[in-house]
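Reviewing the structure listed below.
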Amino acid sequence: MTLRTHLDKLEKHEKILKINQPISKDFEIAGVLKELEPRPIIFENVKESSFKVMGNLFCSKESFAEYFGITTKEIIPLLTYSINNRSEYEVVTNAPCQELIMDDPDLDQLPILMHCEKDGGNYISAGVFITSHPKYGQNADYHRSMQFSKTEMTVRIVRGRHFDTFLRDLGQVDVAICLGNAPNVLAAAATSVEIGVDELEIANAMEPLKVVKAKTVDVFVPAETEIVIEGTVYLDRTHAEGPFVDLTGTYDIIRDEPVFEVKAITHRKDAIWQALLPGALEHKLLMGMPREPTIFRKVNEVVKCLDVNINPGGCSWLHAIVQIDKQSKEDPKKAIQAAFDGHGSCKHVFIVDSDIDIYNPSEIEWAMATRFQGNKDLVIFDKAPGSSLDPSAEFNTKNTTRIGFDLTKPLGNTEHFDKAEFPKINLESFLSDSI
Ligand SMILES: Cc1cc2nc3c(=O)[nH]c(=O)nc-3n(C[C@H](O)[C@H](O)[C@H](O)COP(=O)(O)O)c2cc1C
């Protein structure tokens, strides 16, 4: 499967909406995507650009799993397998993403969206940044980027990211920003693995990947990508970045961030720009889902882990629900610590038993209501490093209070904690002559 064959399949089954009316990249596309979320959409006629725009492609685990022909239950195993068994991709010399090269690279030609009213500018939100370091090799990750001239953008780089390490080491880094990627590339770039791992090898383990050398920078990019923006990010050249609505659905603040300068833009003949609505379901899925296998692995090292859900209600980043097979009194507390080890930005962890549906928020609340006592089932880690995205974390340090909630029932006689069953009846026999 490629993204293009996937789009064809969606079209054939009438699962993608094609909007032909002229529409603006400023506010209008974002507004329609949000209004019709989670419906996949292609905007055929963008007022300010000759490129089409696609969005809402992978808003749910179901749509992500459908691409790979697997069930949602198989996503964590697929990601875990691919992280552990990453493999070399095939290098090609001819690639769709380089069918055309823009003569005079100009960001104004691209449908870079303005999303929300108070955003500081038009933003790239779905760009996979591929860069390279002489010691560590290639890295792929995401950085929202605000356009402020025809050739420049300011790039949000959270401290401590591998990209940040590369930039601080080298002072400037060449980058290829890839837009319009299949979900293996999208998910792999969102994983956080050890430095020195090329995430495109994880993508290749999920589904075979062809790459091509970028035209002006020394990195390999996915051959099937729709649009590639090549250039350089400079540590010492900074520009105001923000405000921007990010994952939490709140406005992130203005910061001075490094500048990216474009050198070349290559693309398919009929390239489609990939939109990713900030703070909406697709963004949430890409942030949270790749953290589920890392939590699963850490928890499973100390107790038997059954499943992990990083849920949209917790911004798909700040909350994790972990289902365990509790064998001893200490298991939930061990699982809480391990879950925080598996996802450093997590703030609240909820540990539940196997009879709780971790995808149903009411069931989590029910477990809290009936199995939890604050004086003994709470684990608090004060002044822990928190997420830069959490508006409630300490302003300057982003320190936070991490809390683990043990929502499991006690071991032994659980009679008073078990869900009561209603009688099983033969409904048909009672309804046969009803009107
Ligand atoms: C859609 C999306 C947008 C993101 N935006 C940013 C961003 O603007 N800045 C940033 O530093 N990290 C951002 N991230 C997070 C990193 O890309 C992500 O955590 C990545 O896995 C870190 O890679 P690393 O392990 O190579 O450091 C984003 C992630 C996703 C999925």
Side-chain angles (χ1 to χ4, degrees), residues 55-59 64 79 82-83 86 113 115 119-121 123-133 136-147 153-169 173 175 177-181 183-203 219 233 241-249 251-255 257-258 260 274-295 310 312 315-318 342-346 387-390 398:
N56 286 350
L57 293 186
F58 303 104
C59 288
F64 182 86
L79 287 168
S82 305
I83 291 169
R86 49 185 195 270
L113 301 192
H115 298 90
D119 281 357
Y123 264 90
I124 293 181
S125 53
V128 171
F129 276 58
I130 300 179
T131 188
S132 182
H133 185 288
Y136 301 115
Q138 278 211 170
N139 186 66
D141 67 357
Y142 294 83
H143 300 276
R144 70 187 197 209
S145 307
M146 188 184 94
Q147 187 195 347
M153 297 188 287
T154 173
V155 181
R156 170 68 179 137
I157 302 163
V158 176
R159 303 298 166 255
R161 296 256 187 270
H162 296 158
F163 187 96
D164 180 49
T165 308
F166 285 20
L167 186 60
R168 277 166 204 285
D169 249 23
V173 287
V175 172
I177 308 173
C178 301
L179 281 129
N181 292 296
N184 58 335
V185 174
L186 293 172
T191 59
S192 216
V193 282
E194 358 24 304
I195 195 159
V197 170
D198 180 353
E199 282 88 351
L200 292 188
E201 294 192 349
I202 298 174
V219 296
V233 176
E241 187 273 332
F244 184 63
V245 173
D246 209 305
L247 188 64
T248 50
Y251 279 98
D252 200 358
I253 58 168
I254 302 176
R255 301 177 182 87
E257 290 289 322
F260 166 91
Q274 192 163 27
L276 184 79
L277 214 51
L281 288 174
E282 194 174 20
H283 185 195
K284 288 196 165 112
L285 184 89
L286 283 177
M287 291 289 289
M289 193 176 61
R291 294 296 186 275
E292 291 170 355
T294 54
I295 294 179
I310 296 189
C315 308
S316 293
W317 198 241
L318 301 175
H343 175 27
S345 295
C346 197
S387 167
S388 68
L389 294 169
D390 181 0
K398 285 293 168 187

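Atoms within each ligand, like the ligands themselves, are counted from 1 in listed order.
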*Residue M287 vicinity, atoms of ligand 1 by number, heavy atom under 4.0 Å*: 2 (C), 28 (C), 29 (C), 30 (C), 31 (C)
*Pairwise salt bridge (Lys or Arg N to Asp or Glu O under 4.0 Å) hits with a residue in residues 279-295, at least two apart*: K61-E292
*asked:* Nearest 0.5 angstrom please: L277 CG to L113 CG, how far?
replied: 8.5 Å
*For ligand 1, which atoms sit closer than 4.0 Å to a heavy atom of E199?*
26 (O)
*Distance to 0.1 Å, residue and atom name: give those for the protein heavy atom nearest to atom 8 (O) of ligand 1.*
R144 N, 2.7 Å
*What part of N139 sits under 4.0 Å from ligand 1 if we count only heavy atoms: the side chain, the backbone, both or neither?*
side chain
*Distance to 0.1 Å, residue and atom name: give those for the protein heavy atom nearest to atom 16 (C) of ligand 1.*
R161 NE, 3.4 Å
*Under 3.5 Å, is there a donor-acceptor pair linking the side chains of H162 and D141?*
no
*Ligand-residue contact atoms, ligand 1 with H283, heavy atoms, under 4.0 Å*: 1 (C), 2 (C), 3 (C)
*Would you mind listing which atoms of ligand 1 come within a distance below 4.0 Å of any non-hydrogen atom of L286?*
31 (C)
*Quick check: does W317 get an N/O under 3.5 Å from an N/O on ligand 1?*
no
_From CZ (R156) to OG (S388), nearest 0.5 Å_ = 5.0 Å
_Walk me through whether S387 and W317 qualify under side-chain contact (heavy atoms from CB on, under 4.5 Å)._
CA-CA 9 Å; S387 167; W317 198 241; 3.5 Å; yes
_Could you work out, for atom 11 (O) of ligand 1, the closest of D252, I124, V158, L285 by heavy-atom distance?_
V158
*CG of D246 to CZ of R144: how many Å apart, nearest 0.5 Å?*
4.5 Å
*Heavy atoms only: which of D141, L389, T191 is nearest to atom 21 (O) of ligand 1?*
T191
*For atom 9 (N) of ligand 1, what's the nearest protein heavy atom and its distance?*
R156 O, 2.9 Å
*Is there side-chain contact between I195 and F166, with at least one heavy-atom pair below 4.5 Å?*
yes
_Sub-4.0 Å atoms of ligand 1 with respect to non-hydrogen atoms of L276_ = 1 (C)
*Have a look at Y123, Y136, Y142 and point out the one with the heavy atom closest to atom 5 (N) of ligand 1.*
Y142
*In terms of atom number and element, which parts of ligand 1 are under 4.0 angstrom from non-hydrogen atoms of A190?*
21 (O), 31 (C)
*Would you say H162 and ligand 1 have an N/O pair spaced under 3.5 Å apart?*
yes
*Among protein heavy atoms, which sits nearest to atom 19 (O) of ligand 1, and what does the distance come to when rounded to 0.1 Å?*
R291 NH2, 3.1 Å
*Do the side-chain N and O atoms of Y136 and E194 include a donor-acceptor pair separated by under 3.5 angstrom?*
no
_Under 4.0 Å, heavy-atom basis, I'd like to know which part of M289 is in contact with ligand 1: side chain, backbone, both or neither._
neither
*Starting from atom 25 (O) of ligand 1, find the nearest protein heavy-atom neighbour and note its residue, name and distance.*
S192 OG, 2.9 Å
_Pairwise side-chain contact, V245 with H283, heavy-atom cut-off 4.5 Å (strictly under)_ = no
*Residues which pass side-chain hydrogen bond (donor to acceptor under 3.5 Å, both in side chains) with E201, listed by chain and number, not counting sequence neighbours*: none
*Straight-line distance of E199 CD to T191 OG1, nearest 0.5 Å*: 5.0 Å
_With the threshold set at under 4.0 angstrom, would you say A189 reaches ligand 1 through any of its heavy atoms?_
yes
*Report yes or no: does a heavy atom of K284 sit under 4.0 Å from some atom of ligand 1?*
no
*Do Y142 and L186 pass the side-chain contact (heavy atoms from CB on, under 4.5 Å) test, and can you show the C-alpha distance, the side-chain angles, and the key distance before you say yes or no?*
CA-CA 9 Å; Y142 294 83; L186 293 172; 3.5 Å; yes
